[in-house]
Amino acid sequence: MHNDAEAQPAYVFTGPDENGAVRLEMPSLDPNHGGEFFCVTLGTDKDAIAEAMCRWLCENGYGEME
């Protein structure tokens, strides 16, 4: 039997929207929110977002910086 909480992704990237904004949506871990998502706007600078994501992956052992 599958647990619905385990079936949800840890995070979802959305966008860019009509204004060019990219967002990161994460499920709320608070049981009082019943699976609602938190949404964080990352901005419109796709290159800066990609660089920050790459840096985070590299700092945590998942990639290589050029």
Side-chain angles (χ1 to χ4, degrees):
M1 184 169 212
H2 290 95
N3 184 342
D4 288 339
E6 290 177 8
Q8 291 182 338
Y11 54 86
V12 176
F13 286 97
T14 61
D17 64 10
E18 64 276 358
N19 297 317
V22 175
R23 290 181 176 79
L24 173 63
E25 296 180 358
M26 299 167 285
S28 172
L29 299 178
D30 185 343
N32 295 324
H33 286 96
E36 294 176 0
F37 275 72
F38 288 115
C39 184
V40 178
T41 300
L42 301 176
T44 58
D45 187 340
K46 289 181 248 174
D47 291 336
I49 294 167
E51 182 180 339
M53 291 172 63
C54 182
R55 186 171 40 251
W56 183 89
L57 289 169
C58 292
E59 288 172 357
N60 289 283
Y62 294 100
E64 295 179 11
M65 291 291 290
E66 293 182 17

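The structure presented is a predicted model; accordingly, all values stated were derived computationally and were not measured.
Thr14 pairs by the side chain to side chain donor-acceptor pair (under 3.5 Å) definition with nothing, not counting sequence neighbours. Every residue meeting the side-chain contact (heavy atoms from CB on, under 4.5 Å) condition with Leu42, not counting sequence neighbours, appears here in chain and number order: Phe13, Val22, Leu24, Val40, Ile49. In this structure Asp45 satisfies the salt bridge (Lys or Arg N to Asp or Glu O under 4.0 Å) test with no other residue, sequence neighbours excluded. Every residue two or more places apart in sequence or in another chain that forms a side-chain contact (heavy atoms from CB on, under 4.5 Å) with Thr44 is listed here: Ala21.
Pairs engaging residues 14-28 under the salt bridge (charged side-chain N to carboxylate O under 4.0 Å, His left out) rule: Asp17-Arg23 [sequence neighbours left out].
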